[in-house]
Amino acid sequence: MTGEYQHSLDNKGRLFIPAKLRDELGEVFFITLSMDRCLCAYSAENWKIFSDKVSAMPFVKQRKMRPLFAHAARCELDSQGRALIPQNLREYAGLTKSVTVVGCNNHAELWDSDAWNAIFAAETTPENIAAVMEELEF
């Protein structure tokens with residue numbers, strides 16, 4: 001998934017999912033916590049891949065994944081292309097009104113726009129881009 005999109009949560013906690021990402025996420029997708037104080041949205045297919053990887057881990061390591069599953073939400077799009085983001089997930093990521101949806105390879109990230117702007121500024125430097133390109137051996 002790629003791209004950056006600006007949207008707003010409505011009074012009921014629903015977020016418009018951009019058409020390009022709706023195609024990739026599908027009608028039913030999963031949202032869970034991220035280590036970056038944002039939320040990650042996975043298509044049902046990618047959620048199954050993630051879940052299968054966790055199932056293949058030793059039990060002790062699986063237990064470390066408990067928060068990701070305990071706080072995961074199965075989301076469905078309404079007729080207007082919106083998904084209800086549960087309150088506990090909105091609170092975790094600090095989502096109140098302005099949300100930036102960012103494509104991030106096999107998932108999308110949902111960020112409070114102010115938090116995203118700070119991350120974007122820190123990560124989008126020539127030095128960081130050069131380090132990423134070197135990591136990819138470009």
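Numbers here simply count residues along the sequence, with the first being 1. All heavy atoms count here, side chains included; hydrogens, waters and symmetry mates do not.
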Which distance, rounded to the nearest 0.5 Å, do you find between the [atom1] of [X] and the [atom2] of [Y]?
X    : Y   : atom1 : atom2 : answer
W111 : E4  : CH2   : CD    : 11.5 Å
L77  : F16 : CG    : CZ    : 9.5 Å
L89  : C38 : CG    : SG    : 11.5 Å

Partners meeting side-chain hydrogen bond (donor to acceptor under 3.5 Å, both in side chains) with R82 (sequence neighbours left out)
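Per chain and number, R82 pairs via side-chain hydrogen bond (donor to acceptor under 3.5 Å, both in side chains) with D78, Q80.
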Kindly write out the residues that satisfy side-chain hydrogen bond (donor to acceptor under 3.5 Å, both in side chains) with N117, not counting sequence neighbours, or none if the list is empty.
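By the side-chain hydrogen bond (donor to acceptor under 3.5 Å, both in side chains) rule, N117 matches no residue at all.
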Does CD in E45 sit with more than 12 non-hydrogen atoms of other residues, nucleotides or ligands closer than 6.0 Å?
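It does not: E45 CD has 12 such atoms or fewer within range.
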[X] side chain near [Y] side chain, heavy-atom distance below 4.5 Å:
X   : Y    : result
F50 : L68  : yes
N46 : H107 : no
K48 : F30  : no

Set of residues satisfying salt bridge (charged side-chain N to carboxylate O under 4.0 Å, His left out) with respect to R74, sequence neighbours excluded:
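For R74, the residues satisfying salt bridge (charged side-chain N to carboxylate O under 4.0 Å, His left out) (neighbours in sequence not counted) are E76.
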Which label fits Y5 and H7: parallel for a plane angle under 30°, tilted from 30 to 60°, or perpendicular past 60°?
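Y5 vs H7 ring planes: parallel.
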Can you see whether S113 engages K97 through a side-chain donor-acceptor pair at a distance of less than 3.5 angstrom?
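No, because no side-chain N or O of S113 sits under 3.5 Å from a partner of the opposite role on K97.
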